[in-house]
2 protein chains.
Amino acid sequence: MSENRDERITDLLRKNGLKATKGRVEVLELFFEAGRPLAQMQIMEMLRLKLDRASVYRILNAFAEAGIIHTAYVDGRHRVYELPDKCSGRNCHPHFSCRGCGMTACLEDFHVHYKGTLGKGFVAERQKVLIEGLCPDCKKT
Amino acid sequence: MSENRDERITDLLRKNGLKATKGRVEVLELFFEAGRPLAQMQIMEMLRLKLDRASVYRILNAFAEAGIIHTAYVDGRHRVYELPDKCSGRNCHPHFSCRGCGMTACLEDFHVHYKGTLGKGFVAERQKVLIEGLCPDCKKT
DNA sequence: TTCATTTTGCAATTATGTCGCATCTATGTT
DNA sequence: AACATAGATGCGACATAATTGCAAAATGAA
């Protein structure tokens with residue numbers, strides 16, 4: 001079971017031209033388990049500092065370049081990364097970010113429509129929609 | 001005329017409980033003149049380094065806390081700030097950010113509608129919509 | 001003008017992210 | 001299974017954005 005998962009992750013890495021190193025497997029597992037966008041700092045904590053800071057950044061950059069993950073929102077300080085299967089290109093779903101604890105979540109049941117034109121000569125490549133507010137925990141305090 | 005403007009700005013500062021210092025007046029003038037979101041770096045350049053870096057940050061934070069400006073989009077590197085009159089609360093207009101030069105613009109004729117629900121207990125306070133792409137200049141190259 | 005309170009400038013510090021280089025590891029080949 | 005090597009990691013140094021402590025200066029109320 002854990003082996004199946006490992007195999008799936010290993011395959012995913014190799015299919016994308018990346019060696020399946022311990023660090024990469026562990027980071028990618030985190031993304032599958034988390035099911036929500038993660039920042040570098042959170043990954044470091046979840047791995048209990050088993051990996052070097054620079055390595056985590058390099059892993060995230062490699063994943064992003066390969067398309068395994070892509071960078072989602074930035075709350076002013078942190079880049080967050082997530083698996084693209086749920087969130088790709090122009091149909092990117094919105095995200096929620098808590099101003100209390102900084103947690104980020106995907107808003108699956110939230111649909112965004114927009115109409116209008118960009119100026120002449122402008123090209124749109126991606127949209128990012130972020131709802132800021134308070135999560136249930138931070139709302140209490 | 002310039003005095004009227006200065007007076008208006010001075011009043012705005014005092015009304016919000018902030019002393020009308022030279023630096024604050026100059027920064028706030030910039031925002032009124034620019035009519036678009038500004039990053040700290042741009043402000044420094046426009047003021048030709050007359051103010052210390054730390055002071056600019058403190059001024060921006062003070063303004064943001066007082067509600068005179070608020071932080072808008074981040075293009076991955078820079079926080080940008082803008083006057084709230086054109087962009088307030090849940091009716092915030094979208095922004096465009098060029099991945100080439102990092103320039104940020106307001107999209108006035110661009111309307112965003114969304115429907116759906118946040119999870120239980122979540123409170124939405126603001127929305128941020130960002131279209132990323134290329135501006136006419138960067139498109140050429 | 002005087003004076004208490006804030007704000008500023010400067011330097012040092014923290015935080016995020018990148019880079020170079022020596023060492024180590026994953027993987028295809030023998 | 002052992003080997004060779006392209007590529008990944010750890011470490012330290014560096015780059016940039018932003019914050020903080022503290023002494024000196026400026027604001028604005030009396």
Side-chain angles (χ1 to χ4, degrees), chain A residues 6-7 9-30 37-66 68-81 97 102 104, chain B residues 6-7 9-28 30 37-45 47-66 68-81 97 102 104:
Chain A
D6 269 16
E7 218 170 289
I9 284 175
T10 305
D11 284 355
L12 180 55
L13 286 168
R14 300 223 179 99
K15 242 185 280 176
N16 284 280
L18 295 171
K19 283 189 187 176
T21 63
K22 269 190 193 178
R24 286 178 178 165
V25 171
E26 283 186 278
V27 171
L28 196 44
E29 269 175 349
L30 279 188
L38 296 175
Q40 179 270 346
M41 213 28 182
Q42 296 175 299
I43 292 166
M44 287 295 284
E45 284 163 8
M46 290 162 104
L47 294 178
R48 290 179 194 169
L49 309 173
K50 273 184 293 184
L51 279 176
D52 187 72
R53 216 158 46 86
S55 300
V56 172
Y57 280 116
R58 278 187 287 227
I59 287 171
L60 291 171
N61 287 340
F63 285 7
E65 204 170 330
I68 295 178
I69 59 173
H70 64 72
T71 71
Y73 274 100
V74 177
D75 65 9
R77 282 192 189 165
H78 304 286
R79 242 175 249 177
V80 297
Y81 304 82
S97 173
T104 307
Chain B
D6 270 16
E7 219 168 289
I9 284 175
T10 304
D11 284 354
L12 180 54
L13 287 168
R14 299 225 177 95
K15 241 184 281 176
N16 284 281
L18 295 171
K19 284 189 184 176
T21 64
K22 270 189 192 177
R24 286 178 178 164
V25 172
E26 284 186 278
V27 172
L28 196 44
L30 279 187
L38 296 175
Q40 180 270 348
M41 216 22 185
Q42 296 174 299
I43 292 167
M44 287 295 284
E45 283 163 9
L47 293 179
R48 291 179 194 169
L49 309 175
K50 273 184 292 184
L51 278 175
D52 186 73
R53 218 156 41 87
S55 300
V56 172
Y57 281 117
R58 278 186 286 226
I59 287 172
L60 291 172
N61 287 339
F63 285 7
E65 202 169 333
I68 294 177
I69 60 175
H70 62 73
T71 71
Y73 274 98
V74 177
D75 64 9
R77 282 186 191 170
H78 304 288
R79 239 174 251 178
V80 296
Y81 304 81
S97 173
T104 306

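Chain letters run A, B, ... following the sequence lines, proteins first, then strands; residues in each count from 1.
If you check dG9(C), dT16(C), dT7(C) against the side chain of Leu18(B), the one that comes closest is dT7(C). Of the candidates dG10(D), dC10(C), dG17(C), dC10(C) carries the atom nearest the Asp52(B) side chain, counting heavy atoms from C-beta on.
For dT18(C), neither phosphate oxygen OP1 nor OP2 lies less than 4.0 angstrom from any side-chain nitrogen or oxygen of Tyr57(A). For Asn61(A), a side-chain nitrogen or oxygen approaches OP1 or OP2 of dT18(C) to under 4.0 Å. Between Ser55(B) and dT7(C) there is no side-chain polar atom (N or O) within less than 4.0 angstrom of OP1 or OP2.
For the atom pair CD1 (Ile68(A)) and CG (Leu12(A)), the distance works out to 4.5 Å, reported to the nearest 0.5 Å. Glu45(B) contributes atom CD, which lies 11.0 Å from atom CG of Leu38(B) (distance to the nearest 0.5 angstrom). For the atom pair Arg24(B) CZ and Leu13(B) CG, the distance stands at 7.0 Å (nearest 0.5 Å).
Nucleotide dC10(C) holds its C1' atom 14 Å from the CG atom of Leu51(B), rounded to whole Å. In this structure, NZ of Lys22(A) is placed 13 Å from P of dT27(C), rounded to the nearest angstrom. Separating the CD1 atom of Ile43(A) from the C1' atom of dT16(C) is a distance of 14 Å, rounded to the nearest angstrom. At whole-Å resolution of the value, CG in Leu60(A) and C1' in dT18(C) are 13 Å apart. In this structure, the CZ atom of Phe63(A) is 17 Å from the P atom of dG17(C), given to the nearest Å. Protein atom CD of Glu45(A) is 13 Å distant from nucleotide atom C1' of dA15(C), rounded to whole Å. The separation between Gln40(B) atom CD and dT19(D) atom P is 10 Å, rounded to whole Å. A straight line from CE of Met41(B) to C1' of dT16(D) spans 9 Å, rounded to a whole angstrom.
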Detail all sub-3.5 Å separations between protein N/O atoms and N/O atoms belonging to nucleotides 20-24 of chain C.
residue	atom	partner	partner atom	Å
dG20(C)	O6	Arg58(A)	NH1	3.2

Give each protein N/O atom lying under 3.5 Å from an N/O atom of nucleotides 3-5 of chain C, with the pair distance.
residue	atom	partner	partner atom	Å
dT5(C)	O2	Lys19(B)	NZ	3.1

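Residue Arg53(B) places no side-chain atom within donor-acceptor reach of the base of dA17(D), judged by atom type and a 3.5 Å distance cut-off alone.
Comparing the start and finish of the helix from dT1(C)-dA30(D) to dT30(C)-dA1(D), five pairs each, the helix axis swings through 30°, to the nearest 10 degrees.
Contact record, Thr10(B) with Ala20(B): CG2-CB, 3.5 Å, taken as the closest heavy-atom pair. In this structure, Ala66(A) and Asn16(A) approach most closely via the heavy-atom pair O-OD1, 3.4 Å.
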With a cut-off of 3.5 Å and sequence neighbours excluded, list every side-chain donor-acceptor pair involving residues 47-63 of chain A.
residue	atom	partner	partner atom	Å
Lys50(A)	NZ	Glu26(A)	OE2	2.8
Asp52(A)	OD2	Ala54(A)	N	3.0
Tyr57(A)	OH	Gln40(A)	OE1	3.3
Asn61(A)	ND2	Tyr57(A)	O	3.4

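Every residue two or more places apart in sequence or in another chain was checked for a side chain to side chain contact (heavy atoms under 4.5 Å, CB included) with Asp11(A), and none qualifies.
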